[in-house]
Q: 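A single structure is presented below for examination.
Quick caveat, the model's predicted, so the values are computed rather than measured.
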Amino acid sequence: MVNHPPHYAEGGIECIDAMIAAMGVEAVKNFCLCNAFKYVWRCRNKNGAEDIQKAIWYLNKYLELEGATNG
């Protein structure tokens, strides 16, 4: 449920990939940072370790996208 939840892959494309195509890498990098913040913020009151794993996923995606923009 962290790396590739089925509800984020409609029609064979991951939602985040569609976001990149529609809004660009820089916008999605900012989205990743905001989502990571959200998951850390709420982890103690909602899903605990799963929220931390999701925050890490978004931070790793940010770093992946950062590498794509910096070569």
Q: Restricting to pairs with a member in residues 32-49, which pass salt bridge (charged side-chain N to carboxylate O under 4.0 Å, His left out), not counting sequence neighbours?
A: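 The answer is Arg42-Asp51.
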
Q: Can you classify the ring geometry of Phe31 versus Tyr58 as parallel (below 30°), tilted (30 to 60°) or perpendicular (above 60°)?
A: perpendicular

Q: Just how far is it from atom NZ of Lys61 to atom CG of Asn35, taken to the nearest 0.5 Å?
A: 13.0 Å

Q: Say whether Ile56 and Val40 are linked into one hydrophobic cluster, either directly or through other cluster members, by side-chain heavy-atom distances under 4.5 angstrom.
A: yes

Q: Holding to salt bridge (Lys or Arg N to Asp or Glu O under 4.0 Å), I want the full list of residues that pass it with Lys29, two or more places apart in sequence or in another chain.
A: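 Partners of Lys29 under the salt bridge (Lys or Arg N to Asp or Glu O under 4.0 Å) test: Glu26, Glu66.
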
Q: Please check if Trp57 and Leu59 belong to a single hydrophobic cluster, counting links between Ile, Leu, Val, Met, Phe, Trp and Tyr side chain heavy atoms closer than 4.5 Å.
A: no

Q: Where is the tightest heavy-atom contact between Ala18 and Ile13, given as atom of each residue plus distance?
A: N-CD1, 4.1 Å

Q: Check step by step if side chain to side chain contact (heavy atoms under 4.5 Å, CB included) holds for Ile20 and Leu65.
A: CA-CA 10 Å; Ile20 292 167; Leu65 294 172; 3.6 Å; yes

Q: Could you go through the side chain to side chain contact (heavy atoms under 4.5 Å, CB included) check for Cys32 and Ile16 one step at a time?
A: CA-CA 9 Å; Cys32 288; Ile16 200 156; 3.9 Å; yes

Q: Test of understanding: clusters of I, L, V, M, F, W, Y form through side-chain heavy atoms closer than 4.5 Å, transitively. Do Leu63 and Leu33 belong to the same one?
A: yes

